[in-house]
Amino acid sequence: MLRTHTCGELRLSNKEREVTLCGWVQKSRDLGGMTFIDIRDRYGITQLVFNMKTDAGLCNKARKIGREYVISATGTVKERSNKNLNISTGEIEIMVKELKVLNPSEVPPFTIEEKTDGGEELRMKYRYLDLRRNPMKNNIILRYEMAREVRKYLDSIGFIEIETPVLIKSTPEGARDFVVPSRLKAGEFYALPQSPQTFKQLLMISGFDKYFQIVKCFRDEDFRSDRQPEFTQIDCEMSFVERDDILETFEGLAKHLFKKIKKFDYEGTFPRLPYVEVIEKYGTDKPDTRFEMLVQDITELAKGKGFKIFDSVEYIGGICAKGGAGYSRKQLDALTDFVRKPQIGANGLVYVKLNSDGTVKSSVDKFFSREDLNKWAEKMNGVTGDVLLILAGERTKTLFALSKLRLEMGKQLKLMDKDTFAPLWIVDFPLLEWDEENQRYHAMHHPFTSARKDDHHLFATDPGKIRANAYDLVINGVEIGGGSIRIHDKQEQAEMFRHLGFTKEEAEKQFGFLMNAFQYGAPPHGGIAFGFDRWVALFGGSNSIRDYMAFPKNTAGRDIMIDTPSLLSDEQLKELSLKVVNK
RNA sequence: GGUGGCGUAGUUCAGUUGGUUUAGAAUGCCGGCCUGUCACGCCGGAGGUCGCGAGUUCGAGUCUCGUCGUCACCGCCA
């Protein structure tokens, strides 16, 4: 070993010990007669001290050392005369006898400090330098600790981790695949998995009744701060279970992580809300339940009073912002602009202020009596000091806009505390979703999801109404995971493909291997997959998963550090029987 | 695919209605001084293809168009 200790561990109790430290130069302070160097590694920072009087040659050497040089320093642990109680090693320093430069460093392109001066792109290009910074380092450690706790917990209840292949087969459903050309079979391609879905089902058929895997998945769609081309799932599957067994098992996992990572015990069980109810109450299927502010339907109360806009719409609903009566005209106008943004899509905003002096002021006073407005307030649980914010229009669109407005108000009224965690299960998702573009149904979760038994009769009459045995785990408005009880019967699976518009031949070609397997004793099974990066980001207090991946890609799917995607040589293309067509 | 923001010293940014000699600030960097600093201090210095390309104009960092890069949102993401 080149070192006897790390830069984070020496204390007063080590006084007078002869030690050797290795690390990077955080900063040096040259005072002329003496020089201080802060040496940093993963564990902390320790101050080295050089004195002109003691050893002029060594001190001069120290003065020449720049930021981020890798050095080793041997010397004696001394008590500081001027202590720095802000850092854990601040009571001691190393009186250096021997100093080695293990490797010099160029001046880094941004400062490697708690708060860097570097912009996002630059930090990405020099990711290895950014990762030296404490906040980034801690994110990566958090990620590791969560992965470790996931493995510990699942292991403790009998799950085993099994790897599945990365070079698999492209399938038509779902997201676009990343593909890999085959050299040995010209014109043929592998695909990278969007998830190990079919493999984990096959493992159930093999008898591995409790499987999990922390695994990379790949989806070639457009990227966001919470979506990367390659991301990590905690992929899980169990046999001989029903929905509630899965929910209980993985609620246990979530509670384990809350306890071990966030140090709090979640009391009771997570709320479970059916999809239709959650849409009605929050306008979205991934509600942030850290705060109430439920959406209320006032269509019946507000229609037929002569206000044309309301009379002509399908749905009128609103939220009650507690303590919002103090909102100024300007603030309410800003909210109106907010909901009218094309991404939100509302036409306008009606407000009703329940003023603290007992008066009621609304933007529709002309059309509604005080009594009418009181009824709205009652329905929406509004009391003196609140403001009611009301949108009207087509039901689905209006609920969507209300969900965005609710989040905005939650933000403005500071109801979204980073250290509060509000999990819930959304259950009874629709099995099928009508796809206008292709004029057919597609699976809302995936085509292996089973329908609830009590809804099977709807296949013939109203497929859009069928509820699936599917569920999502949502925490603080973030979709953390989702899964379903799967189909394990060949006939039923074939039927599902038929409803999704596959011909028998297509289904056979794409998923024949799975349906064949169903003929050899497939156990009832189901599972769930969690977006590991999102979960880590949530616990880390951010919504950008990039900050929790060691080497992420940008929103264009580019790794600007290694500069890829990149061109292949003509030789490589030829070997792969590929020709690039310039668009 | 669509909408919008941003692009000016190494870095983060300012730069007024298009017009004042040499495009500024902070920080970083380099040199000098300094024996208890820890955001060290003081003095001095270097550092610019104003993303790129056209255009408008007597004159463009500033206006227009295109293009590239980047970020956010919509679509998309079973």
Side-chain angles (χ1 to χ4, degrees), chain A residues 26-39 45-54 56 59 63-64 66-68 78-87 89-91 93 95 106-126 129 171-177 194-195 197-198 217-229 231 338 341-345 400 404 429-433 435-437 441-449 468 470 479 482-484 496-497 500 529 531 543-544 546 553-558 560 563:
Chain A
Q26 177 70 36
K27 188 150 225 178
S28 66
R29 291 174 293 279
D30 177 3
L31 273 60
M34 61 195 314
T35 288
F36 300 96
I37 291 181
D38 292 335
I39 181 173
I45 287 185
T46 300
Q47 176 166 285
L48 309 176
V49 59
F50 302 85
N51 198 313
M52 216 54 162
K53 234 180 217 168
T54 323
C59 196
R63 292 170 82 167
K64 291 200 177 69
R67 280 162 54 201
E68 300 307 317
K78 297 283 185 190
E79 181 168 3
R80 290 199 200 179
S81 58
N82 252 356
K83 291 177 183 167
N84 181 352
L85 298 178
N86 295 320
I87 61 173
T89 60
E91 289 191 288
E93 64 193 356
M95 187 72 211
E106 296 286 313
V107 175
F110 51 86
T111 56
I112 298 176
E113 285 161 13
E114 202 78 18
K115 252 184 109 49
T116 181
D117 63 1
E120 182 124 7
E121 191 180 350
L122 199 65
R123 286 167 49 214
M124 218 54 103
K125 182 168 178 186
Y126 298 92
L129 297 181
T171 56
E173 284 281 303
R176 270 186 287 270
D177 288 315
Q194 297 174 25
S195 81
Q197 182 59 36
T198 48
C217 302
F218 307 85
R219 291 176 193 177
D220 187 7
E221 294 294 343
D222 284 8
F223 310 116
R224 298 281 168 77
S225 52
D226 65 344
R227 277 160 31 190
Q228 284 269 310
F231 61 100
F338 173 82
K341 283 196 296 190
Q343 307 95 288
I344 311 285
F400 171 80
K404 295 289 184 193
F429 274 86
L431 182 72
L432 303 169
E433 228 175 1
D435 180 347
E436 276 295 334
E437 201 180 326
Y441 282 107
H442 69 240
M444 190 156 177
H445 185 53
H446 58 50
F448 317 107
T449 300
E479 187 191 325
S484 62
M496 175 61 73
F497 285 130
L500 295 174
N543 51 8
S544 172
R546 279 197 288 269
K553 293 179 176 54
N554 72 12
T555 49
R558 171 161 293 276
I560 57 181
D563 192 27

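The sequence lines fix the lettering, A, B, ..., with proteins before strands; numbering per chain opens at 1.
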Measure [atom1]/[X] against [atom2]/[N] and give the value in whole Å, please.
X	N	atom1	atom2	result
A:Gln26	B:G28	CD	P	13 Å
A:Arg63	B:C30	CZ	C1'	15 Å
A:Lys341	B:G75	NZ	P	13 Å
A:Gln343	B:C74	CD	P	7 Å
A:Glu79	B:G36	CD	P	18 Å
A:Arg176	B:C76	CZ	P	11 Å
A:Leu129	B:G10	CG	C1'	13 Å
A:Ile87	B:C38	CD1	P	12 Å

Quiz prompt | Separation between the P atoms of B:G7 and B:C76, rounded to whole Å | solution = 32 Å

Self-check item: Distance, P atom - from B:A23 to B:G47, rounded to whole angstrom
Solution: 12 Å

Need one value for [X]: base, sugar-phosphate or nothing, where a base atom within 4.0 Å counts as base even if backbone is also close, heavy atoms only.
X	value
A:Lys404	sugar-phosphate
A:Arg546	sugar-phosphate
A:Pro342	nothing
A:Phe36	base
A:Gln47	base
A:Asn86	nothing
A:Thr111	nothing

Minimum-distance nucleotide to [X] side chain [options: [options]]:
X	options	value
A:Asn554	B:C71, B:A72, B:U35	B:C71
A:Arg219	B:U37, B:C77, B:G1	B:C77
A:Arg558	B:G28, B:U70, B:C76	B:U70
A:Ser225	B:G36, B:C73, B:U70	B:C73
A:Asp222	B:G36, B:C29, B:C76	B:C76
A:Glu121	B:C38, B:U70, B:G28	B:U70

Quiz item: Starting at the 5' end of RNA chain B and moving along, which residue's nearest nucleotide shows up first, A:Gly66 or A:Gly33?
Solution: A:Gly66

Exercise. Identify, between A:Val49 and A:Glu433, the residue whose nearest nucleotide on RNA chain B lies closer to the 5' end.
Key: A:Val49

Quiz item: Could a donor-acceptor pair under 3.5 angstrom be found where the side chain of A:Arg29 meets the base of B:C34?
Solution: no

Quiz item: With distance as the sole criterion, do the side chain of A:Glu93 and the base of B:G36 form a donor-acceptor contact below 3.5 Å?
Solution: yes

Quiz prompt | Heavy-atom pair of closest approach, residues A:Thr111 and A:Lys115 | solution = OG1-O, 4.4 Å

Identify the pairs formed between an N or O of the protein and an N or O of nucleotides 12-15 of chain B at a distance under 3.5 Å, and give each distance.
| unit_1 | atom_1 | unit_2 | atom_2 | d |
| --- | --- | --- | --- | --- |
| B:U12 | OP1 | A:Gly119 | N | 3.1 |
| B:U12 | O4' | A:Asp117 | O | 3.3 |

Self-check item: A:Gln194 and A:Phe218, any side-chain heavy atoms less than 4.5 Å apart
Solution: no

Quiz item: A:Met95 versus A:Phe50: any side-chain heavy-atom pair under 4.5 Å?
Solution: no

Can you tell me if [X] touches the phosphate of [N], counting only side-chain N or O atoms and a distance under 4.0 Å to OP1 or OP2?
X	N	value
A:Asn51	B:U35	no
A:Lys27	B:C40	yes
A:Thr555	B:C71	yes
A:Arg224	B:C74	yes
A:Arg67	B:C29	yes

Gap separating the [atom1] atom of [X] from the [atom2] atom of [Y], nearest 0.5 angstrom:
X	Y	atom1	atom2	answer
A:Ile37	A:Gln26	CD1	CD	12.0 Å
A:Leu500	A:Tyr441	CG	OH	11.0 Å
A:Arg546	A:Met124	CZ	CE	5.0 Å

Practice problem: Would you check, one step at a time, whether the test side-chain contact (heavy atoms from CB on, under 4.5 Å) holds for A:Asp220 with A:Asp177? | Solution: CA-CA 6 Å; A:Asp220 187 7; A:Asp177 288 315; over 6 Å; no

Quiz prompt | Pair A:Ser225, A:Ser544: side-chain N/O donor-acceptor within cut-off below 3.5 Å | solution = no

Mate of [N] where both pairing distances stay under 3.5 Å, Watson-Crick or G-U:
N	result
B:G7	B:C68
B:G36	none
B:C30	B:G44
B:C63	B:G55

Self-check item: Trace of the side-chain contact (heavy atoms from CB on, under 4.5 Å) decision for A:Leu48 with A:Glu93
Solution: CA-CA 6 Å; A:Leu48 309 176; A:Glu93 64 193 356; over 6 Å; no

Practice problem: Verify the neighbour count for atom NZ of A:Lys64: are there more than 12 heavy atoms of other residues, nucleotides or ligands below 6.0 Å? | Solution: no

